[in-house]
Number of protein chains: 2
Amino acid sequence: MLPIEIKHLVDQYIELSFSVNKNGESLVRDQMNDDMTSDQHYTLRYIYQIKSCTPSDLAKKFQVKKSAITAMINRMWKKGWIQRTRDEKDRRVVYLTLTEEGKSLYMKTEERIHHLVSSMLNNFEQEELEQFLCTYQKLQRVLEDINKHK
Amino acid sequence: MLPIEIKHLVDQYIELSFSVNKNGESLVRDQMNDDMTSDQHYTLRYIYQIKSCTPSDLAKKFQVKKSAITAMINRMWKKGWIQRTRDEKDRRVVYLTLTEEGKSLYMKTEERIHHLVSSMLNNFEQEELEQFLCTYQKLQRVLEDINKHK
DNA sequence: ATTAATAGTTAAATGAATGAACTATTAATA
DNA sequence: TATTAATAGTTCATTCATTTAACTATTAAT
């Protein structure tokens, strides 16, 4: 990369990531039922996809302390969306799974989000989109790497 | 866009934006002083760039209600980073500006963030990066548009 | 057998967000 | 002009999200 161009590109990235984030999060919130937040939906999504996980897994995925996960899981557990099961081999470990209500709520909301994202991405040619996602993917690995080695 | 590919691309976008967001926000938080949060830095940044703005401007930019802005500005005002001035023509309006302390704190933190983002973006060839930012920019406009017409 | 480390929770404190009710001021209109 | 609308911002109560520090229980290491 040419040093002379760096500052402008960095500024542009900072501005765009802020703006896309805020606007995107706001639209995602609009798809939620009144009794759930976007973080709670992301939690349902992760557990749904991976079937079962531990609070420690979630803390790593969400980049927060485990006590933050305990608090969120408590709120979702009270609403009947999540189950806790102790590992019989290693009794320190807790497995989190979705209840039937959790699954069905997740699927309904995720469908609305898919619809929203589809309508966003429809504004792009397939090739441009694929190129974009390819670079986005690399960026994701770079960020994961920096986070891993810190 | 070919319908058959859509679902995969949508899934990929959802996963990447989540992951880049969480990892990115976590790294940005690491650049903050202990007495400030990333939202507070973003607020300093916006006011710094635009010199002066109203709470309503901030509410629009951050996509939150005005009462959320009042609360954040109060916290930053208590720390001596922000000034409030009433408009003499229209006495309903409040102008927010940075104090000298606010400016200097902003600049120190922003420098660390620039350094971080530079080291991230250094992993890309200039052309790939420019192409990426171009699409990211389009995406930003699409999101802003959807938000405007809702 | 004792000490370390790991998994998870609890509790107190702070920040961030909303909705509803409120003040003050300005704009619209009958 | 007098009354009514709308706008800008704040306050208050409530909920969610997060951190730090202290804690329990369990397993691993020496």
Side-chain angles (χ1 to χ4, degrees), chain A residues 18 21-23 25-30 32-44 46-47 52-79 81-97, chain B residues 18 21-23 25-30 32-44 46-47 52-79 81-97:
Chain A
F18 172 84
N21 263 268
K22 291 291 181 188
N23 282 290
E25 266 306 302
S26 166
L27 289 172
V28 167
R29 275 200 309 272
D30 294 343
M32 302 288 127
N33 277 19
D34 283 346
D35 60 345
M36 98 163 120
T37 66
S38 30
D39 274 324
Q40 290 175 4
H41 178 74
Y42 297 149
T43 304
L44 292 181
Y46 183 66
I47 302 178
S52 161
C53 74
T54 66
S56 296
D57 294 337
L58 278 171
K60 187 183 271 183
K61 186 77 181 172
F62 285 73
Q63 293 279 313
V64 295
K65 297 283 177 285
K66 285 186 292 183
S67 55
I69 300 299
T70 301
M72 180 151 51
I73 295 299
N74 276 339
R75 288 185 289 270
M76 298 173 77
W77 176 82
K78 275 177 201 153
K79 289 186 274 199
W81 301 341
I82 284 190
Q83 267 180 334
R84 281 174 160 115
T85 326
R86 285 255 166 219
D87 185 332
E88 286 304 320
K89 303 270 168 71
D90 184 343
R91 299 193 48 74
R92 291 169 302 182
V93 177
V94 165
Y95 293 118
L96 306 170
T97 51
Chain B
F18 172 84
N21 262 262
K22 291 292 180 186
N23 283 289
E25 267 305 302
S26 166
L27 289 170
V28 167
R29 275 200 310 271
D30 293 344
M32 302 289 127
N33 278 18
D34 281 347
D35 60 344
M36 99 163 119
T37 67
S38 32
D39 273 325
Q40 290 175 5
H41 178 74
Y42 297 149
T43 305
L44 292 180
Y46 184 68
I47 302 178
S52 161
C53 73
T54 65
S56 296
D57 294 336
L58 278 172
K60 187 183 273 183
K61 185 78 180 170
F62 285 73
Q63 293 279 315
V64 296
K65 296 282 176 288
K66 285 186 291 183
S67 55
I69 299 298
T70 301
M72 180 151 51
I73 295 299
N74 276 339
R75 287 185 290 268
M76 298 173 78
W77 176 83
K78 276 177 201 154
K79 289 187 273 199
W81 301 342
I82 285 189
Q83 268 181 334
R84 282 175 159 112
T85 326
R86 285 254 167 223
D87 184 332
E88 287 304 321
K89 303 269 168 67
D90 184 342
R91 299 193 46 72
R92 291 170 301 182
V93 176
V94 165
Y95 292 118
L96 306 170
T97 51

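Remember, predicted model here, so these are calculated numbers, not experimental data. When reading the values below, keep in mind they use all heavy atoms of this one structure, side chains included, and skip hydrogens, waters and symmetry mates. Residue numbers start from 1 in every chain, and the chains themselves are labelled A, B, ... in the order their sequence lines are given, proteins ahead of strands.
Comparing dC16(D), dT19(D), dT26(D) by their closest approach to the side chain of Lys65(A) singles out dT19(D). Between dG9(D), dA17(D), dT11(D), one nucleotide has an atom nearer to the side chain of Thr54(B) than all others, and that is dG9(D). Of the candidate nucleotides dA25(D), dT26(C), dG8(C), dA25(D) has the atom nearest to the side chain of Arg92(A). The side chain of Val64(A) approaches dT19(D) more closely than any other nucleotide in the set dG15(C), dT19(D), dA7(C). You'll find that the side chain of Pro55(A) is closest to dG8(C), out of dG9(D), dT11(D), dG8(C).
A 3.5 Å limit on both hydrogen-bonding distances identifies dT10(C) as the Watson-Crick or G-U partner of dA21(D). With both pairing distances under 3.5 Å, dT15(D) is matched to dA16(C) as a Watson-Crick or G-U wobble pair. Base-pair partner of dA29(D): dT2(C) (Watson-Crick or G-U wobble, both distances under 3.5 Å).
Position along DNA chain D of the nearest nucleotide to Arg91(A) versus Ala71(B) favours Ala71(B) as the more 5'-ward residue. Residue Asp57(A) is the one, among Arg29(A) and Asp57(A), whose nearest nucleotide of DNA chain C lies closer to the 5' end (criterion: closest heavy atom). DNA chain C is contacted by both Ala68(B) and Asp35(B); Asp35(B) maps to the nucleotide lying nearer its 5′ end (nearest heavy atom per residue).
Residues Ser38(B) and Met32(B) approach most closely at CA-SD, 4.0 Å, considering heavy atoms.
Side-chain contact check for Thr54(B) and Asp57(B): at least one donor-acceptor pair (N or O, by modelled atom type) lies under 3.5 Å.
One atom, CG of Leu96(A), and another, C1' of dA7(C), lie 12 Å apart when rounded to the nearest Å. As rounded to whole Å, 15 Å separates atom C1' of dT15(D) from atom CE of Met76(A). Between the P atom of dA28(D) and the CG atom of Asp87(A) lies a distance of 11 Å, rounded to the nearest Å. What separates CE of Met72(A) from P of dT10(C) is a distance of 16 Å, to the nearest Å. Between the CZ atom of Arg84(A) and the C1' atom of dA7(C) there is a distance of 12 Å, given to the nearest Å. A straight line from CG of Asp39(A) to P of dA16(C) spans 14 Å, rounded to a whole angstrom. We find that CH2 of Trp77(A) is positioned 18 Å from C1' of dC16(D), with the value rounded to whole Å. Between the CG atom of Asp30(B) and the P atom of dT19(D) there is a distance of 10 Å, rounded to whole Å.
For Arg86(B), no side-chain nitrogen or oxygen approaches OP1 or OP2 of dT25(C) to under 4.0 Å. Contact between the side-chain N/O atoms of Gln63(B) and the OP1/OP2 oxygens of dA17(C) is not found at any separation under 4.0 Å. The side chain of Thr37(B) places an N or O atom within less than 4.0 Å of a non-bridging phosphate oxygen (OP1 or OP2) of dA16(C). Regarding contacts with the backbone of dA16(C), a side-chain N or O of Arg75(B) is found under 4.0 angstrom from either OP1 or OP2.
Residue-level contact check: Ser67(B) touches the bases, meaning some heavy atom is under 4.0 Å from a base atom.
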Under the criterion side-chain contact (heavy atoms from CB on, under 4.5 Å), I'd like the reasoning laid out for Gln63(A) against Leu27(B): C-alpha separation, chi angles, the key distance, then a yes or no. CA-CA 10 Å; Gln63(A) 293 279 313; Leu27(B) 289 170; over 6 Å; no

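Ion pairing between a basic and an acidic side chain is recognised when a charged N comes within 4.0 Å of a carboxylate O; Arg91(A) and Glu88(A) show such pairing. Salt bridge Asp35(A)/Arg75(A): absent, no basic N to carboxylate O contact under 4.0 Å.
Between Tyr42(A) and Lys61(A) there is no side-chain heavy-atom pair separated by less than 4.5 Å.
The glycosidic torsion of dA4(C) lies within 90° of 0, which places this base in the syn conformation. dA5(C) has its base anti relative to the sugar, with a glycosidic angle deviating from 0 by more than 90°.
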